[in-house]
Amino acid sequence: MLKQSESAFYLDGIKYQSHYFSLPLNYDDYTTTPDHVSVFFRELVKTENEDRDLPYLVYFQGGPGFPAMRPCSNSGWLKRALEQYRVILLDQRGTGLSSPITIQTIGHLDPNQQAEYLSHFRADNIIRDAEAIRKHLNIDKWAIIGQSFGGFCSLTYLSMFPDSLLASYITGGIPSIIRHIDDVYHATYQRTLDKNSEFFARFPRAQELCDRIADTLLDNKTVLPNGQMFTVEQFQQMGICFGMAGGPEELYFQLEAAFVEMNSKPELSYGFLNYVLGQQSHLTNPLYAILHESIYCQHNASNWSAHRVRNNYPQFNHHKGAPLHFTGEMVYPWFFDQLETLKPLKAAAEILAAKSDWPNLYNVEQLKKNTVPMAAATYVNDMFVEFDFSRETLRSMGNARAWMTSEYEHNGLRVDGEKILSTLISMAEDIKAIQ
């Protein structure tokens with residue numbers, strides 16, 4: 001293991017220290033797969049605590065496929081965390097500065113090589129990376145916080161290395177640990193239909209505007225600023241914002257300004273098209289598309305679950321004259337036909353969608369006898385992580401307490417992080433007190 005550290009810098013009373021580690025690509029077989037990945041993390045501590053021996057808190061980002069946050073101020077959940085922890089912001093392998101996955105970095109591989117390489121970027125190896133770093137830093141135990149997919153990673157950590165953990169805090173990220181992926185998408189489509197109903201009820205003009213945009217895309221060749229064809233399916237994907245506080249409002253205001261008059265003829269404005277492009281995070285974070293369905297797979301293939309299950313919900317299969325419905329976080333095979341930076345990865349994505357030997361991500365028995373204090377914020381109206389499935393998992397776990405609330409959407413940690421983390425820390429301390 002090779003470690004490199006950069007010179008520290010300071011912002012808003014916080015010391016930022018960057019570190020890089022060289023870690024195995026495949027922890028299960030060093031000999032046949034000798035490749036390594038570079039894993040980056042940034043350690044933050046309040047300047048007044050630099051010389052104090054504080055416990056560590058590791059942050060697992062949502063996604064999958066996104067880097068850790070780059071905070072510029074001592075605010076939100078970080079402010080509360082830094083009161084008692086040194087915080088580690090980990091770029092999960094394949095993201096940020098940790099051997100990032102892009103067409104530029106893996107385009108030289110053939111599809112089979114791409115699929116094999118990408119198969120090592122799920123939660124199990126993210127956790128093995130964290131554990132290797134913990135051991136190298138000679139940290140006896142540390143606490144973890146996981147947002148969304150980061151919560152999935154947290155349950156994997158509790159399954160694999162529970163003796164390494166002081167406490168686990170999870171926000172909007174308690175997955176089903178036993179259900180088939182198709183069950184997940186049936187629930188997700190139902191939630192998405194609910195969010196559509198709420199959106200169109202709140203904004204009386206929204207349906208008219210959306211149908212007009214959809215008709216324009218069906219009747220005219222429309223390209224985004226990157227030259228990519230803009231389709232109805234891509235427009236529907238903008239419904240992902242329904243799961244975030246402030247998202248529906250932002251989308252509606254964009255819809256209001258979607259058209260401009262050109263030679264007495266309406267057409268979609270450059271500003272709207274540029275906004276659409278900016279929302280297509282799959283273009284810059286391909287892991288989000290390639291591995292999203294695999295996070296629900298344990299010894300089974302996804303076989304494009306969201307695409308198959310969608311046939312049970314014809315409202316989402318738009319045709320001219322029908323009211324448009326938005327989809328959400330679902331991943332579809334057409335991504336790899338339409339989205340420019342995903343097209344070269346189509347064959348690898350097909351291989352991974354058919355992969356049926358994904359290893360287990362969760363140890364049900366270990367979680368049942370869990371002794372690590374685990375406190376979770378679960379959101380009743382969460383569009384991405386089914387609340388009923390979260391409750392099901394929590395009932396099966398030892399030493400787990402949940403704050404179940406309808407006060408927040410999926411991005412509650414971003415909106416009111418200081419309050420949420422304070423609540424979870426208090427809950428975990430209560431668990432410790434009665435152990």
Side-chain angles (χ1 to χ4, degrees), residues 1-6 8 15-28 30 36-45 49-64 67-69 77-78 81-82 84-99 120-147 149-170 173 359 361-363 366-367 370-375 399 421 424-425 428 432:
M1 178 188 295
L2 177 66
K3 176 189 174 185
Q4 283 184 300
S5 298
E6 295 180 349
K15 177 184 178 182
Y16 293 66
Q17 180 76 59
S18 299
H19 304 278
Y20 293 84
F21 283 84
S22 180
L23 300 172
L25 171 67
N26 182 359
Y27 283 89
D28 293 328
Y30 296 151
H36 284 69
V37 292
S38 177
V39 176
F40 169 85
F41 72 88
R42 185 170 277 124
E43 178 186 345
L44 276 62
V45 63
N49 292 333
E50 280 188 64
D51 298 324
R52 292 183 60 194
D53 184 21
L54 295 176
Y56 285 81
L57 175 68
V58 184
Y59 175 68
F60 292 105
Q61 173 69 36
M69 57 190 287
W77 72 264
L78 183 64
L82 288 172
Q84 67 188 78
Y85 289 108
R86 292 177 179 267
V87 173
I88 286 180
L89 301 177
L90 175 71
D91 279 358
Q92 298 162 11
R93 56 167 56 196
T95 74
L97 298 177
S98 295
S99 294
H120 300 292
F121 285 76
R122 292 203 311 162
D124 46 359
N125 286 317
I126 292 170
I127 295 312
R128 290 185 177 107
D129 289 341
E131 185 64 4
I133 292 169
R134 182 193 66 81
K135 290 180 178 178
H136 184 82
L137 296 178
N138 294 316
I139 298 170
D140 181 36
K141 293 186 179 186
W142 56 18
I144 57 176
I145 176 171
Q147 157 64 16
F149 170 69
F152 292 32
C153 293
S154 298
L155 289 196
T156 301
Y157 213 143
L158 289 165
S159 296
M160 296 175 68
F161 306 107
D163 292 341
S164 302
L165 302 177
L166 295 167
S168 173
Y169 314 114
I170 296 176
L361 293 168
Y362 312 112
N363 184 326
Q366 178 59 48
L367 293 175
N370 173 59
T371 60
V372 179
M374 197 280 280
N399 246 28
L421 183 56
L424 297 185
I425 289 174
K432 292 177 186 178

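The structure displayed is predicted, hence computed values, not measured ones. We're numbering straight along the sequence, starting at 1.
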Discussion item. Is there a side-chain contact between I170 and L155 in this structure, where contact means two heavy atoms from C-beta onward sitting under 4.5 Å apart?
Written reply: yes

Item to complete: For residues R122 and P359, determine if any side-chain heavy atom of one lies less than 4.5 Å from a side-chain heavy atom of the other.
Response: yes

Practice prompt. Search all heavy atoms of V372 against all heavy atoms of S168 and return the closest pair with its distance.
Written response: CG1-N, 4.2 Å

Discussion item. The test is side-chain contact (heavy atoms from CB on, under 4.5 Å); show your working for V39 and L90 and say whether it passes.
Written reply: CA-CA 8 Å; V39 176; L90 175 71; 3.7 Å; yes

Worksheet, complete the sentence: The ring-ring contact (aromatic ring centres under 6.0 Å, His included) partner of F41 among F21, Y16, Y20 is F21

Worksheet item: Does anything in residues 17-28 pair up under salt bridge (charged side-chain N to carboxylate O under 4.0 Å, His left out), and if so which pairs, sequence neighbours excluded?
Response: D28-R128

Worksheet, complete the sentence: Contacts of S164 meeting side-chain hydrogen bond (donor to acceptor under 3.5 Å, both in side chains) (sequence neighbours excluded), chain-then-number -> E131, R134

Fill in: Within-4.5 Å side-chain heavy-atom neighbours: I127 and C153
yes

Discussion item. Would you call the rings of F161 and Y157 parallel, tilted or perpendicular, taking 30° and 60° as the class edges?
Written reply: perpendicular

Worksheet entry | Side-chain donor or acceptor of Q92 paired with backbone N/O of Q61 under 3.5 Å | yes

Discussion item. Please give me the minimum heavy-atom distance between Q366 and L158, naming the atom from each residue.
Written reply: CG-O, 3.6 Å

Worksheet item: Just by distance, do the side chain of S159 and the backbone of N363 share a donor-acceptor pair under 3.5 Å?
Response: yes

Worksheet item: Looking only at heavy atoms, what is the nearest atom pair of N399 and N370, with distance?
Response: CB-O, 3.5 Å

Worksheet item: So, the side chain of S99 versus the backbone of S38: is there a donor-acceptor pair under 3.5 Å, distance only?
Response: yes

Practice prompt. Write down the atom of R93, the atom of L25, and the distance for their closest heavy-atom approach.
Written response: NH1-O, 2.9 Å

Practice prompt. Could you check F149 against I126 for side-chain contact (heavy atoms from CB on, under 4.5 Å), going step by step and ending with a plain yes or no?
Written response: CA-CA 11 Å; F149 170 69; I126 292 170; 4.0 Å; yes

Discussion item. Donor-acceptor check, side chain of D91 to backbone of F40, threshold 3.5 angstrom: yes or no?
Written reply: no

Item to complete: Report the C-alpha distance between V58 and I133 in whole Å, list the side-chain angles of each, state the deciding distance to 0.1 Å, and finish with yes or no for side-chain contact (heavy atoms from CB on, under 4.5 Å).
Response: CA-CA 11 Å; V58 184; I133 292 169; over 6 Å; no

Worksheet item: CD1 of I144 to CD1 of I88: how many Å apart, nearest 0.5 Å?
Response: 12.0 Å

Worksheet entry | Identified side chain to side chain donor-acceptor pair (under 3.5 Å) counterpart of Y27 within the set D124, D129, N125 | D129

Worksheet item: Can you tell if the side chain of Y85 reaches within under 4.5 Å of the side chain of L54, non-hydrogen atoms only?
Response: no

Worksheet item: Are L361 and F152 side-chain neighbours, meaning at least one heavy-atom pair lies under 4.5 Å?
Response: no

Worksheet entry | Heavy-atom closest pair, residues T95 and P67 | OG1-CA, 3.5 Å

Worksheet entry | Contact summary for A130 and F60, nearest pair of heavy atoms | CB-CZ, 4.0 Å

Worksheet item: Do M69 and L89 pass the side-chain contact (heavy atoms from CB on, under 4.5 Å) test, and can you show the C-alpha distance, the side-chain angles, and the key distance before you say yes or no?
Response: CA-CA 7 Å; M69 57 190 287; L89 301 177; 4.1 Å; yes

Worksheet entry | side-chain hydrogen bond (donor to acceptor under 3.5 Å, both in side chains) against S18, all qualifying residues, sequence neighbours excluded | R42

